[in-house]
Amino acid sequence: MTDYDGTLVPIRERPELALPGSDLLGAMRGLAGKKGVGLAVVSGRDADSLIKIVPVPGIYLAGCHGAEICCPGGVRLSAVDDKTIAPLLDLVAGRAMNCISGRNGFLVERKKAAVALHYRLAGRAEARKVLADFLAAVRLLAAEHNLQLVHGKKVIEVRPGVVNKGEAVRRLISLHPGHYPLYFGDDITDEDAFRAVQDRGLGILVGRRRVTAASGRLGRPRDVIRFLQIVSAQFRECVS
Ligand SMILES: [Mg+2]
């Protein structure tokens with residue numbers, strides 16, 4: 001199981017520029033569908049956009065931090081009730097749009113089960129002001145409706161309280177009992193996933209050293225790709 005942005009591909013200024021190279025797709029296709037292997041991407045991105053970005057048959061794609069999991073056979077598992085959550089998130093998105101109105105460098109993304117306010121291209125002072133306004137505008141609403149506010153890398157996200165990567169990972173593990181779970185991730189939001197695997201598998205932090213629940217570390221996305229290639233090759237040898 002692996003995060004996408006910052007883990008399989010370097011973080012880019014705009015998410016649409018963070019595309020997988022042929023080496024990554026080749027490594028994933030090499031592993032996907034092998035008997036005894038389950039491969040999953042667990043991302044903050046929407047499941048539908050993951051399907052387009054990672055066109056690898058036979059893998060799980062957990063979008064919006066696991067709010068929605070697309071299984072290899074096409075079945076979709078949902079962790080939230082869309083009818084209840086959609087009007088709330090529309091309200092949050094509207095308030096976010098008001099906060100960024102007339103300012104450059106911000107982007108409001110209305111995902112299927114979350115609203116993300118990106119500020120990667122904004123100046124520091126302006127980002128601080130917009131974030132303070134946004135938090136003031138949504139804090140009460142979030143408390144009343146059990147929405148969580150989660151800070152990631154140059155993004156703040158509002159999503160249902162029941163949704164996090166740890167829950168997504170537990171669900172994926174339950175679909176493959178007996179498998180040894182590995183999870184790769186780079187961001188604070190990946191810590192829930194590291195905690196979900198730490199007593200039965202291995203969490204691997206991608207990036208610089210920090211306080212983490214992961215027990216291993218790789219330096220950058222290309223190291224993860226290399227790892228996948230090596231495991232894929234080893235696996236072939238094991239089964240033949
Ligand atoms: Mg990431």
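All ligand and atom numbering here is 1-based and tracks the order in the structure. Model, not experiment: these values are computed from the prediction.
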Worksheet item: Is any side-chain N of the basic residue among E126 and K129 closer than 4.0 Å to the acidic one's carboxylate O?
Response: no
Worksheet entry | Charged N-O contact under 4.0 Å between E16 and K52 | no
Item to complete: May I have the step-by-step check of side chain to side chain donor-acceptor pair (under 3.5 Å) for R226 and Q229, ending in yes or no?
Response: CA-CA 5 Å; R226 186 74 194 117; Q229 289 168 334; 3.3 Å; yes
Practice prompt. Give a yes-or-no answer on whether the side chains of K34 and S232 include a donor-acceptor pair shorter than 3.5 Å.
Written response: yes
Worksheet entry | salt bridge (charged side-chain N to carboxylate O under 4.0 Å, His left out) between D186 and K153, worked out | CA-CA 10 Å; D186 70 308; K153 286 182 179 170; 2.6 Å; yes
Response to the item:
In this structure, CZ of R29 is separated from OG of S22 (nearest 0.5 Å) by 9.5 Å
Discussion item. I need the protein N, O or S atoms closer than 2.8 Å to the Mg ion (ligand 1), given as residue plus atom name.
Written reply: D3 OD2, D5 O, D186 OD1
